[in-house]
Structures are given as structure tokens and as C-alpha cells.
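Any value given below was found using the heavy atoms of this structure, including those in side chains, with hydrogens, waters and symmetry copies removed. Just follow the structure's listing: the first ligand is 1, and inside any ligand the first atom is 1.
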Amino acid sequence: MAVHQEQGNEIVLQSTYILIATGSSPFHPQTFPFEMPGVYDSDTVLNLDRMPESLAVVGAGVIGSEYASTFTALGARVHLIEGRDTLLPFLDSEISRTLAVAMERTGVEFHWKNRVLACAKADGGQLMLSLSSGDQLTVDAILVAAGRKSNVETLNLSAAGITASDRGLISVDNHFRTQVPSIYAAGDVIGFPALASTSMQQARIALRHAVGSEVNPDSFRLLPTGIYTIPEVGTIGETEDSLRTKGVDYLVGRGAYQDCARGRIIGDQHGFLKLLFRRADMKLLGVHMIGEQATDLVHIGMMAMLSDSTAMIFEEACFNVPTLGELYKLATLDAMSKMGVREQRNGEPA
Ligand SMILES: Cc1cc2nc3c(=O)[nH]c(=O)nc-3n(C[C@H](O)[C@H](O)[C@H](O)COP(=O)(O)OP(=O)(O)OC[C@H]3O[C@@H](n4cnc5c(N)ncnc54)[C@H](O)[C@@H]3O)c2cc1C
């Protein structure tokens, strides 16, 4: 890389390859007066100098759901407003439903299929939200979590021959090259999944490719997701919905926290692990978990999936007791107990 000091403070860098990793910022819908005291986004909410007694969170995406859980646990009355009628629809639908019920149980008040039409000052320093349902909410603070936009405004991308979407997303190929082969992009600036974990891995793949190092194109096929709601969610691979869409015949195995000693010791009454196996060869295709430490425990399943393992790996393994890892054994045995059930039901040999 060549560096040329120019006039004033400007520095000009020349390089064979460039990696754009400028991240993203909260998107600000026009409905909300962000200059008004009490109106926050996911960055500025960290500047709160006291706990609001009541908080409206606009948008039940990952960030909105996590903050809604956190503020509820801290004692605020939280309204979570969401345009859809499903929580985090990319999740396995059973996990999504379980999470919504669990969050309601902790005290989060959902306002499904609702949009905020107006936001105004109310008496006593409070804020009033008018919802598309006709409801009005008066709260101490509002957290707008309505998505993010890429940080590309100052990059003058078009001068380099790169076009970005409305929200600044840069398109890349599977080596994270933009339209200009010597310019790579990784992380939030390219959009989904927009996680710290995946951003780092994307950048590593991009730079390995740039320097001519061998890159396994499969190394990015399996990405775990951790959602730090209360309870937390860990997930990787296919969901029941995606398997049905692909026409894959599968078996579900469940292990409930209450059915293993560690789950009972820690008092997690509702958590469970759900494993999805391909019926034909019992290959593990999906891992979905809700409950204590789910974001960590999903990695056990991830390693099994990365090594193309089948149910046998959990059937044969001995897990420490009491641990939550034992749930993998319970869920696998549950799935194996269902092998042949459909055939028997149809009157065919198991
Ligand atoms: C509330 C919240 C919670 C999150 N929780 C999780 C989580 O639990 N787990 C997880 O994996 N991910 C989480 N994420 C997502 C994670 O923070 C991002 O995916 C990750 O930080 C993206 O990394 P990045 O390197 O692409 O961008 P960033 O981390 O945003 O870094 C981009 C950097 O580029 C700088 N920059 C921008 N423009 C320029 C420019 N023109 N010139 C020079 N520098 C520039 C910025 O100042 C910034 O330092 C969360 C995000 C939010 C908002």
C-alpha cells in the first residue's frame, strides 16, 4: 500500500485491494422527532440517565426484542409495537411462538399488526404515540428500532463504480467482492445477517481471497444466530418451515429443560432444544433452542452439522450430568423413538 500525505489534513491511500467495513447506523423513520427528549434509537438509548417507568419499543426485530426484554427485566412497563403478527419470522415458528409467550409472561405488552402514525409531546414530559389500531400510548420514553442503514453516505461509491441500495446495502458475491473485483465489502454494510460474529468471518474470507489464500466456499454455509432476549434463543440451519418448503422428510426430536437435571436445578421451566433430522439418514439439519445458555449450547449442534454428523453422534456420546448439554441426548433419543412411526401408522413395516 502506498500512502501520500496531501495538503491540509487529507491523506490519500493507494492500495491494490480495499475492504469496505463501515458498518451501519439506526434507520430514522420520519414519523419520529429524534431531537425531542425521550425519543431514542438503539445507539442513543445507551445515554439514558435514569430508568423510564414506561417505554414504547417500536419494531420487534432482534434489537427491539432484546431491548424490550432487558427494560422489562429492569422494571419498566414495556410496549412492543410490531407491524407483523409474528415475532422474528425467520425463526423456527415453534421457537418464535414460544418466545412471544415467554416475553409476554415476563411482562412485555405486544401491539401486533400496528404502526405508529404519530408521535407527540404529552403532559408532564411524557410522549404520546398514536397507533394504526386507533390506540394511543402515553409513555416516558420511546425506543425506535426500525431497522438499520449502511454507512456509505460519505464514501462516494459511485466514483468507484459501485451502486448501493436505498438503505446503502452493497451487493457482493460469495467471496465478498463488490461489482469492482478489487473492492470487497463485509459486515453490516452488506446487510443480513449483520452480526458481529458473521461480519468478522466475512472479512476473513474476503481478505483470504484477496491474498490468494485457499477459501473453502462451504465455510460460510452454516451461520449460528444468538438472540439475547429473555429467554435467549440459539439457532442454526433448517427450520421446519424451510424443510417443508424444500420437500425434505424430517424427524423432530425435543428435549425439555425440565426433563434434565440441570434444567430443573436452574429452574428453567419452559426452555427446550429441538433437533431436526433428515428421516432418510438421520443427518442433523437444524438446531433450535430457547432457554438458559441457548446461544452457547447451539454451538454443540453447529459442530455436529459442520462435520455432517447424524443422530448417532449424540446417541453414542456420553454427556456430563447435570449439564444442559445432555439435552442433545434427550432430543436425539426422542427423534429416534419416532423412527418408523409414520410407516407403522400407514400399515407398512417400520
Ligand atoms: C443494539 C445492538 C445489539 C447487537 N447485538 C449483537 C449481538 O449480540 N451479537 C452480534 O453478533 N451482533 C450484534 N449486533 C450487531 C453487531 O454490532 C454488528 O453486526 C457489527 O458491529 C458489525 O460490524 P461491522 O464491522 O460491519 O461494523 P461496525 O462494528 O459498525 O464498525 C464499523 C466502523 O467503521 C467506522 N466508519 C464508518 N464510516 C466510516 C468512514 N467513512 N471512514 C472510516 N471509518 C468509518 C465506524 O465508526 C465503525 O467504527 C448488535 C447491534 C446492535 C445495534
Side-chain angles (χ1 to χ4, degrees), residues 1 3 6 9-13 15 18-29 34 40-48 55 57-74 78 80 88 90-91 99 141-160 162 164-165 167-172 176-178 183-207 220 222-236 289-290 292-299 302:
M1 176 187 284
V3 181
E6 296 281 301
N9 290 328
E10 190 176 287
I11 299 172
V12 177
L13 303 175
S15 173
I18 293 173
L19 172 70
I20 302 174
T22 47
S24 65
S25 302
F27 178 67
H28 282 185
F34 285 90
Y40 298 95
D41 63 31
S42 58
D43 290 349
T44 58
V45 75
L46 301 174
N47 301 331
L48 268 171
L55 173 73
V57 178
V58 182
V62 173
I63 292 172
S65 299
E66 289 177 344
Y67 271 125
S69 281
T70 306
F71 278 98
T72 303
L74 291 171
V78 174
L80 184 48
L88 305 174
F90 63 88
L91 289 177
L99 178 61
I142 298 168
L143 166 58
V144 181
R148 303 187 60 88
K149 62 176 175 50
S150 301
N151 297 327
V152 293
E153 293 89 348
T154 60
L155 298 184
N156 197 9
L157 289 178
S158 56
I162 298 173
S165 76
R167 289 213 187 176
L169 295 179
I170 299 176
S171 301
V172 291
F176 301 97
R177 273 183 305 195
T178 66
I183 303 181
Y184 293 76
D188 282 18
V189 79
I190 64 170
F192 187 83
L195 295 168
S197 50
T198 51
S199 300
M200 181 183 140
Q201 195 64 10
Q202 290 167 345
R204 283 180 62 80
I205 292 171
L207 294 182
F220 217 62
L222 274 174
L223 299 173
T225 300
I227 301 173
Y228 300 90
T229 40
I230 302 172
E232 63 182 56
V233 170
T235 175
I236 187 164
M289 192 164 194
I290 181 165
E292 282 294 309
Q293 297 178 35
T295 56
D296 249 337
L297 289 160
V298 71
H299 295 134
M302 181 178 81

Could you check ligand 1 for N or O atoms lying under 3.5 Å from protein N or O atoms and list the pairs with distances?
unit_1   : atom_1 : unit_2 : atom_2 : d
ligand 1 : 11 (O) : Ala196 : N      : 2.8
ligand 1 : 11 (O) : Ser197 : N      : 3.4
ligand 1 : 12 (N) : Ala196 : N      : 3.1
ligand 1 : 19 (O) : Asp188 : OD1    : 2.6
ligand 1 : 19 (O) : Ala194 : O      : 3.1
ligand 1 : 19 (O) : Leu195 : N      : 3.2
ligand 1 : 19 (O) : Leu195 : O      : 3.4
ligand 1 : 19 (O) : Ala196 : N      : 3.3
ligand 1 : 26 (O) : Asp188 : N      : 3.0
ligand 1 : 41 (N) : Thr154 : OG1    : 3.4

message = Please enumerate all residues that pass salt bridge (Lys or Arg N to Asp or Glu O under 4.0 Å) together with Arg177, with sequence neighbours excluded.
response = Asp173

task = Would you mind listing every salt bridge (charged side-chain N to carboxylate O under 4.0 Å, His left out) that reaches into residues 186-200, with sequence neighbours excluded?
result = none

task = Scan side-chain atoms only and decide if Asp41 and Thr44 contain a donor-acceptor pair under the 3.5 Å cut-off.
result = yes

key: Partners meeting ring-ring contact (aromatic ring centres under 6.0 Å, His included) with His299 (sequence neighbours left out)   = none

message = Assess, by modelled atom type and distance only, whether the side chains of Thr229 and Glu66 contain a donor and an acceptor separated by less than 3.5 Å.
response = no

message = Using only atom types and a distance under 3.5 Å, with no angle test, would you say the side chain of Arg148 pairs donor to acceptor with the backbone of Ser24?
response = yes

